[in-house]
Amino acid sequence: MEGGGHDDARVARASVMKVLVLLTGGTLLMSANVDGHYTLEQTFARNLVAEVPALARIAELDAKLVFALDSANMRPREWQVLAREVHAGVASGKYDGIVIVHGTDTMAYSASALALMLGPLPCPVVFTGAQRPLAEARSDAAQNLVDAAIVATLPVPEVVVAFGSRGLRGCRATKRDAWDYDAFDSPNEAPLVKLGIGVERGGHVRAPGVLAPLDDRLEPSVLAVRVFPGLDPRLVTGAVRAGVKGLVLEAYGVGTLPCHEGSLIPAIEEVTALGAPVVVVSQCLRGHVDFTRYEGALLTAKAGAISGGDMTVEAALAKLMIGLGRYGAGDELRAYFARSVVGERTPEASA
Ligand code: ASP
């Protein structure tokens with residue numbers, strides 16, 4: 001980690017930094033209604049700077065309301081709209097970084113999808129949100145917003161999830177806690193930024209890239225299936241026969257699946273032959289798929305499954321949708337999965 005970046009130095013530079021804030025909804029922007037449940041009705045258009053004056057000391061902010069959604073209602077269609085907004089903001093050259101206020105429930109999916117859709121970035125694109133609304137006295141919202149704004153002004157040209165005093169690589173992040181303020185983790189990647197008393201930036205932050213024309217094609221008809229003892233393989237083949245174009249199988253450990261009674265191997269062969277690729281990731285939070293270790297994993301690879309390596313399920317789903325949209329189901333998709341596009345996986349040795 002490289003140290004430095006203390007707040008006071010940042011305050012002195014504030015006048016020259018400019019950040020675009022895209023609001024999409026989520027708990028941060030909600031408030032409790034008369035029944036006591038959180039709603040976006042009254043408060044989605046909050047003036048963030050009026051409520052968190054410290055933001056103005058970090059950068060000059062432009063804000064735009066893109067959606068007012070609980071993130072449970074975000075779909076691939078909304079990712080595409082958001083990707084266009086971000087792309088336009090970055091391409092304008094007006095901003096040092098972009099902050100996206102988003103619900104926590106699907107933030108890791110959106111961050112993965114945007115990272116993969118946008119590709120190399122010249123500046124940070126920082127997702128944040130909160131476990132409790134900004135409108136409440138005891139809330140993590142203000143701190144997360146301030147941290148996100150700071151990360152947006154740092155040389156961290158990646159899609160980042162800024163939450164709980166850390167900036168995580170967005171395509172490696174996962175929501176791990178529905179209750180604590182420290183809601184996110186990136187189990188297979190060290191934080192890009194630590195925001196403690198100092199602000200430390202990891203040595204593995206990607207180098208700045210040149211923004212490419214936006215390719216927002218994707219195929220949303222995919223399915224993730226968590227393998228469990230007794231899973232009926234006919235449900236897997238049935239899903240593909242019903243129109244599913246690709247599958248992410250959350251296998252055990254390093255990628256094993258049942259291969260004796262109730263074997264999933266014929267189902268993988270069948271759906272692959274039907275033109276629906278099967279990507280295997282691990283149910284475990286840490287570690288990676290290794291098809292060479294056990295019989296069940298070896299057979300899975302032989303049946304035609306694609307290794308998802310150490311990708312999160314969120315990243316694997318987004319990559320499958322985007323890969324299918326761009327390349328279809330052939331060898332190009334396999335090669336796309338084997339490589340690391342924006343740091344979402346450790347690349348396969350041969351890729
Ligand atoms: N349900 C909310 C959302 O994802 C939860 C949150 O923001 O923390 O929009």
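Both counts, for ligands and for their atoms, begin at 1 and track the order of listing. Note that this is a predicted model, so its numbers are computed, not measured. This chain uses plain numbering: 1 for the first residue, then up along the sequence.
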- line: Given the options R172, R169, K319, E344 meets salt bridge (Lys or Arg N to Asp or Glu O under 4.0 Å) only with K319

Give the residue and atom name of whichever protein heavy atom lies nearest to [atom], and the separation in Å to one decimal.
{"atom": "atom 5 (C) of ligand 1", "value": "T27 OG1, 3.2 Å"}
{"atom": "atom 8 (O) of ligand 1", "value": "T104 OG1, 2.5 Å"}
{"atom": "atom 9 (O) of ligand 1", "value": "S71 N, 2.7 Å"}
{"atom": "atom 1 (N) of ligand 1", "value": "D105 OD2, 2.7 Å"}

message: Under 3.5 Å, is there a donor on one side chain and an acceptor on the other for E51 and N47?
response: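 No, no side-chain donor-acceptor pair sits under 3.5 Å.
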
message: Below 4.0 Å from ligand 1: does a non-hydrogen atom of A130 turn up there or not?
response: yes

Contacting atoms of ligand 1, where contact means under 4.0 angstrom from a heavy atom of G26: 7 (O), 9 (O)

Under 3.5 Å donor-acceptor, E158 side chain and R206 backbone: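 Such a contact is found between E158 side chain and R206 backbone.
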
task: Could you tell me whether the side chain of E219 and the main chain of R326 form a donor-acceptor pair under 3.5 Å?
output: no

- line: Partner of H102 under ring-ring contact (aromatic ring centres under 6.0 Å, His included), picked from F127, Y109, W79, F67, is F127

